[in-house]
Amino acid sequence: MLKQKYDVIVIGSGPAGLAAAIEAKKTGAEDVLIIERAKELGGILQQCIHNGFGVEILKQDLPGPAYAQRFIDEAEQLGVEVLLDAMVLDISPARHIYAISKWSGFAELDARAIVLSMGCRERTRAQIRIPGTRPAGVYTAGTAQRFVNIEGFMPGKRFVILGSGDIGMIMARRLTFEGAKVERVLEIMPFLTGLIRNYVQCLLDFNIPLQLRHTVSRIIGNSRVEAVEAVQVDDKWQPIPGTEEIIPCDTLLLSVGLIPENELSRKAGVALDPVTGGPYVDEGMQTSVPGIFAAGNVVHVYDLVDWVTEAGFRAGRSAAKFALAERKRAARQVKLQPGDNIRYIVPHVMDKESLAEADQRLQMRVIQPIEDKVWVEVLDGDNLVTRKSQRYVRPGEMVTVDIPQKAYDAVQKADTLTVRVVRR
Amino acid sequence: MAEELTKLICITCPVGCTLEVTHEGKTLIKVEGNQCKKGVDYAEGELTDPRRMVTSTVKVRGGVFPLVPVYTAAPIPKPLIFDLLAELRKVELQAPVKVGQVVLKNALGTGVDILASRNLPAGD
């Protein structure tokens with residue numbers, strides 16, 4: 001039976017949502033509800049049957065569904081309420097939620113605090129504008145992943161995969177396991193966009209060729225894909241004439257990026273960062289709307305689920321504290337500004353007092369890879385606040401740096417902290 | 001046998017260290033570039049007995065979905081991957097399935113069990 005008012009309502013039950021609900025309960029929120037669109041909890045983890053989940057925070061190497069199950073069980077034990085098969089239609093800035101489901105009908109709910117954890121969506125053919133005909137056989141990698149791993153059917157026999165993101169590489173291996181031939185993985189960038197370990201264990205292990213600086217310039221076929229035309233690109237991603245190659249195949253998978261899913265955030269009046277596509281957040285994952293928090297791929301796209309869970313914990317803790325009126329809106333915030341070779345930083349702002357409680361972790365992505373020792377530096381103007389040495393930086397791998405508690409005094413003086421990556 | 005240098009990428013964790021492995025045939029001499037001890041174990045394994053975790057699906061009767069995902073409880077020898085997949089195609093479970101349930105014991109005599117990765121309730 002649904003209540004009318006909850007301390008914390010979490011939207012989406014992937015790793016971020018599950019963690020947020022668990023931590024909200026543990027922090028003292030009594031009534032915590034998860035609203036989930038699918039018929040079961042766990043989000044996209046249920047179709048990510050490969051292993052590699054939990055190495056950082058559980059010290060165990062688990063498949064996605066097993067990782068999800070840990071948190072599903074914990075949420076259940078803690079008494080988190082769940083509304084499955086339900087769609088949130090609208091959220092007001094005053095934290096009024098409108099949802100609809102086959103089971104509970106139309107529901108209006110009030111939340112003292114909300115955690116947005118809707119995850120992200122795959123970029124589609126339309127968004128990268130591949131010319132050619134429009135035959136059947138063009139799928140996003142995640143759709144194909146669901147077909148193969150959950151629904152139990154193969155979308156094709158002979159594949160070309162565009163994009164070297166993790167899902168694309170993992171699907172290359174998965175399809176090979178199921179007897180398909182993966183002709184090629186094409187990547188428009190001059191570097192791999194997923195994790196290098198996936199290049200080794202998904203492509204190299206099975207002799208699946210990867211071509212960097214290549215893209216699909218045309219899809220060929222009428223009712224079904226018959227071939228794609230691949231082409232090399234120059235430094236400005238323009239096709240180089242004369243490098244075209246026809247690759248016969250019956251299916252093209254797209255693994256060309258993920259976009260945070262923020263329609264609901266927008267309706268709630270949450271301000272979005274055009275670089276990440278997700279909400280601006282502070283160190284407690286609070287968005288621009290007081291009492292509305294966000295965590296996981298809805299904020300920025302992660303490469304490791306472990307860090308999504310961690311962000312969920314953080315948001316859940318903050319949301320519970322807000323609901324229990326312990327969390328005040330920060331009066332003195334410092335802005336975190338991307339400097340040299342940094343595309344974005346999460347959080348965007350930080351309460352200066354937060355350093356009195358704990359070190360504060362910044363997560364970011366670089367623009368260009370540097371395969372050399374670098375410093376990741378946090379600066380107030382020309383003054384170094386803290387720095388960390390790294391052996392390399394790559395756009396496909398999130399960079400983190402902690403601002404230590406001992407930097408408390410230095411941060412009090414700052415209005416803006418800039419983070420940059422420089423060669424050592 | 002002469003000393004050789006082989007470059008490997010460690011896949012034990014998401015860091016993905018580039019290892020410079022000095023070896024004589026299958027005998028490991030030294031590893032450089034690793035950030036932790038797992039890198040040495042990985043290099044040694046790649047030289048003598050490369051292994052991989054394998055994840056796939058098996059058929060289920062009477063479940064909410066027609067398949068349940070499965071994984072090897074420990075890495076198995078790389079050359080056996082496709083034999084294992086062929087074995088898994090013969091397996092058919094009856095729902096409900098519990099996470100961690102043994103789907104195939106001592107697969108291909110490797111001593112490694114195949115486990116279900118999720119709960120799969122019975123359904124229509």
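Residue numbers start from 1 in every chain, and the chains themselves are labelled A, B, ... in the order their sequence lines are given, proteins ahead of strands.
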K.L.:
Could you tell me which portion of K78(B) (side chain, backbone, both or neither) has an atom closer than 4.5 angstrom to a non-hydrogen atom of chain A?
P.N.:
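Side chain of K78(B) only, per the 4.5 Å heavy-atom cut-off to chain A.
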
K.L.:
Is E74(A) salt-bridged to R70(A), cutoff N-O under 4.0 Å?
P.N.:
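R70(A) and E74(A): not salt-bridged.
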
K.L.:
Can you tell if the side chain of V91(B) reaches within under 4.5 Å of the side chain of V103(B), non-hydrogen atoms only?
P.N.:
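Contact flag for V91(B)/V103(B) side chains = yes.
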
K.L.:
Is it true that R146(A) and Q47(A) share a donor-acceptor pair across their side chains at a distance under 3.5 Å?
P.N.:
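No.
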
K.L.:
Between T72(B) and chain A, with a heavy-atom cut-off of 4.5 Å, which part of the residue counts as in contact: side chain, backbone, both or neither?
P.N.:
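For T72(B), neither part sits under 4.5 Å from chain A.
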
K.L.:
So which of E397(A), R174(A), E178(A) has the largest heavy-atom pair count under 4.5 angstrom toward chain B?
P.N.:
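Looking at each of E397(A), R174(A), E178(A) in turn, R174(A) comes out on top.
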
K.L.:
Salt bridge between E46(B) and R52(B), side-chain N to carboxylate O under 4.0 Å?
P.N.:
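Answer for the salt bridge query: yes.
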
K.L.:
Quick one: which of E56(A), K39(A), Q201(A) has the most heavy-atom pairs under 4.5 Å with chain B, could you say?
P.N.:
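The residue among E56(A), K39(A), Q201(A) with the greatest pair count is Q201(A).
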
K.L.:
Side chain, backbone, both or neither: which part of F153(A) has an atom under 4.5 Å from a heavy atom of chain B?
P.N.:
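Neither; nothing under 4.5 Å.
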
K.L.:
So what's closer than 4.5 Å to chain A heavy atoms on L8(B): side chain, backbone, both or neither?
P.N.:
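The answer is neither part of L8(B).
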
K.L.:
Please flag which part of Y392(A) lies under 4.5 Å from any non-hydrogen atom of chain B: side chain, backbone, both or neither.
P.N.:
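Just the side chain, heavy atoms under 4.5 Å.
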
K.L.:
Does this structure show an ion pair linking D372(A) with R424(A), if we count only N-O contacts that are shorter than 4.0 Å?
P.N.:
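So D372(A) does not pair with R424(A) through a salt bridge.
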
K.L.:
Indicate yes or no: does D166(A) engage R197(A) in a salt bridge with an N to O separation below 4.0 Å.
P.N.:
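No, D166(A) and R197(A) are not salt-bridged.
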
K.L.:
Between N198(A), V200(A), D205(A), which has the largest tally of heavy atom pairs under 4.5 Å with chain B?
P.N.:
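Of N198(A), V200(A), D205(A), D205(A) has the most heavy-atom pairs under 4.5 Å with chain B.
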
K.L.:
Go through the atoms of I150(A) and report whether side chain, backbone, both or neither lie under 4.5 Å from a heavy atom of chain B.
P.N.:
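I150(A) touches chain B through backbone and side-chain heavy atoms alike.
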
K.L.:
So what's closer than 4.5 Å to chain B heavy atoms on L204(A): side chain, backbone, both or neither?
P.N.:
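Answer is neither: L204(A) stays 4.5 Å or more from chain B.
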
K.L.:
Below 4.0 angstrom, N of the basic side chain to O of the carboxylate: do E371(A) and R394(A) qualify?
P.N.:
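Between R394(A) and E371(A) there is a salt bridge, with a charged N closer than 4.0 Å to a carboxylate O.
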
